[in-house]
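For reference, the structure is listed below as C-alpha cells.
In what follows, every chain begins at residue 1, and chains take the letters A, B, ... in the order their sequences are listed.
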There are 2 protein chains.
Amino acid sequence: MTADQLSLTFAALADPTRRALLELLSVRDMAVTELAAPFDISLPAISKHLKVLARAGLIEQGREAQVRPCQLKAEPLKAAADWVGIYRQHWDESFDRLDDYLKELQAKPAGRERKH
Amino acid sequence: MTADQLSLTFAALADPTRRALLELLSVRDMAVTELAAPFDISLPAISKHLKVLARAGLIEQGREAQVRPCQLKAEPLKAAADWVGIYRQHWDESFDRLDDYLKELQAKPAGRERKH
DNA sequence: TTAGTATTTAACCATACGGTTAAGTAACAC
DNA sequence: GTGTTACTTAACCGTATGGTTAAATACTAA
C-alpha cells in the first residue's frame, strides 16, 4: 500500500484483463456491464479491476441513472512512458532513433504550434 | 503464473526497488552485493527481486568466480513502451505531437540511415 | 582441509491479488 | 409500495509478493 504513482500505474497494467479494459475505453466511454461483456469472469471481478484502475488514476467513473460510465484517463501513462523511454537507447542497439528523438525534442522544445 | 510477457514486464516494473535496480544496471553491469548496497533490505530480498527481473527477461546473470554479474536486457521494455505509446493521443490533449510523430514515422519509414 | 566471500534456497510470516458467490445499494419503472 | 436493472460490497479461498533469518551452495585463498 501507499505505493507511489508509478508503481500503481505499472501494477495496474500488469494484468491482461485490465489492459483489455483500457483498450475498450480507448475507443469510447462504456458502462460497467458493457465493459464486462467480452470477459468470462464475474461482474464483481470486473468491478475490482476497475477499482484498481481508478486507484491508479487510469479511469474515472461517473453516474447516469443506474449506469456508471467509465472514462479513460491516460495522464498517468505519460509518466510510465517517460520512465520506460529512458531505456530506449538500451533496447535500440543502434542509437539512431535516440538521436532522432533528441533532435526532435530540440526542434520543438515546448511551444505548441497550431495544427488542425 | 504463466503470465504473458507484457504482464511479466509491467509486474516487474511495479516495484520501486526493482525499478531502481534497473536504473543502476543501466549505468553498468554490477554484482549482486554491489547492487544491494544502496538498499536497506536484506540480500535475499534483493536476490528475489533479481529473480523477478530475470523471469521478465529484463536482466541476465553471468558468473565470474563467486560473483554473479547482472546485465540489463532492455528488449522487453520495447514492447511495454509500444503498448503504452498507443495511448499517447489520449494523454496529449492536443494532437499536435501525434501529428508530429506520425509525420516523423512517414518521413523515415524503416531504413536506418547512418549517424555518428 | 579450513576458512572466507558471494549468493541462493528454505522456511516462515503478513499482506495483497484475482477469483468466486451471496447480499447490499442506487436509481428508475410501475 | 414492488420489482428490475446496474452495479458494489462482504466474506471467503488459494496463490503470489515482499520481507525476514538461518542454512546451503559455489567458488577462491591459505
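Listed by residue number, the members of residues 35-44 of chain B with any heavy atom below 4.0 angstrom from DNA chain C are L43(B), P44(B). Of the residues in residues 20-32 of chain B, those with a non-hydrogen atom less than 4.0 angstrom from any atom of DNA chain C are A31(B), V32(B).
Residue-level contact check: E34(A) touches neither bases nor backbone, having no heavy atom under 4.0 Å from any strand.
Between the CD1 atom of I46(B) and the C1' atom of dT21(D) there is a distance of 16 Å, given to the nearest Å.
If you check dC7(D), dG19(D), dA6(C) against the side chain of A45(B), the one that comes closest is dG19(D). Closest approach to the R18(A) side chain among dT9(C), dG19(D), dG18(C) is made by dG18(C) (side chain taken as heavy atoms from C-beta onward). Of the candidates dG18(C), dT20(D), dT8(D), dT8(D) carries the atom nearest the S47(A) side chain, counting heavy atoms from C-beta on.
Q5(B) places a side-chain N or O within donor-acceptor distance of the main-chain N or O of A56(B), the cut-off being under 3.5 Å. No donor-acceptor distance shorter than 3.5 angstrom exists from the side chain of R88(A) to the backbone of H90(A), with no hydrogens or angles considered. Not one N or O on the side chain of R68(B) forms a donor-acceptor pair closer than 3.5 Å with the backbone of Q61(B). Of the possible polar contacts, none joining the S47(B) side chain to the P44(B) backbone as a donor-acceptor pair under 3.5 Å is found.
Positionally, the nearest nucleotide of DNA chain C for L50(B) lies more toward the 5' end than for the other of T17(A) and L50(B). When the nearest nucleotides of DNA chain D are assigned to K48(A) and V67(A) by heavy-atom distance, the more 5′-ward of the two goes with V67(A).
The distance from atom CG of L50(A) to atom CG of L21(A), rounded to the nearest 0.5 Å, is 5.5 Å. Of the inter-residue distances, the one linking D82(B) atom CG with L77(B) atom CG reads 11.0 Å to the nearest 0.5 angstrom. Atoms CD1 and CZ, on I46(B) and R18(B) in that order, are 11.0 Å from each other to the nearest 0.5 Å. To the nearest 0.5 Å, atom CD1 of residue I86(A) and atom OG of residue S26(B) are 8.0 Å apart. The distance from the CG atom of L72(A) to the CE atom of M30(A) is 12.5 Å, given to the nearest 0.5 Å. Between the CG atom of L58(B) and the OH atom of Y87(A) there is a distance of 9.5 Å, given to the nearest 0.5 Å.
For the pair H49(B) and dT17(D), the criterion of a side-chain N or O lying under 4.0 Å from OP1 or OP2 is not met. Regarding contacts with the backbone of dT9(C), a side-chain N or O of K51(B) is found under 4.0 angstrom from either OP1 or OP2. Applying the 4.0 Å criterion to OP1 and OP2 of dC7(D), one finds that Q61(A) has every side-chain N and O outside that range.
The pair R19(B)-D4(A) counts as a salt bridge, with a side-chain nitrogen and a carboxylate oxygen less than 4.0 angstrom apart.
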Problem - Per-nucleotide protein contact string for nucleotides 25-30 of chain D (B base, S sugar-phosphate only, - none; heavy atom under 4.0 Å) - result: -SBS--
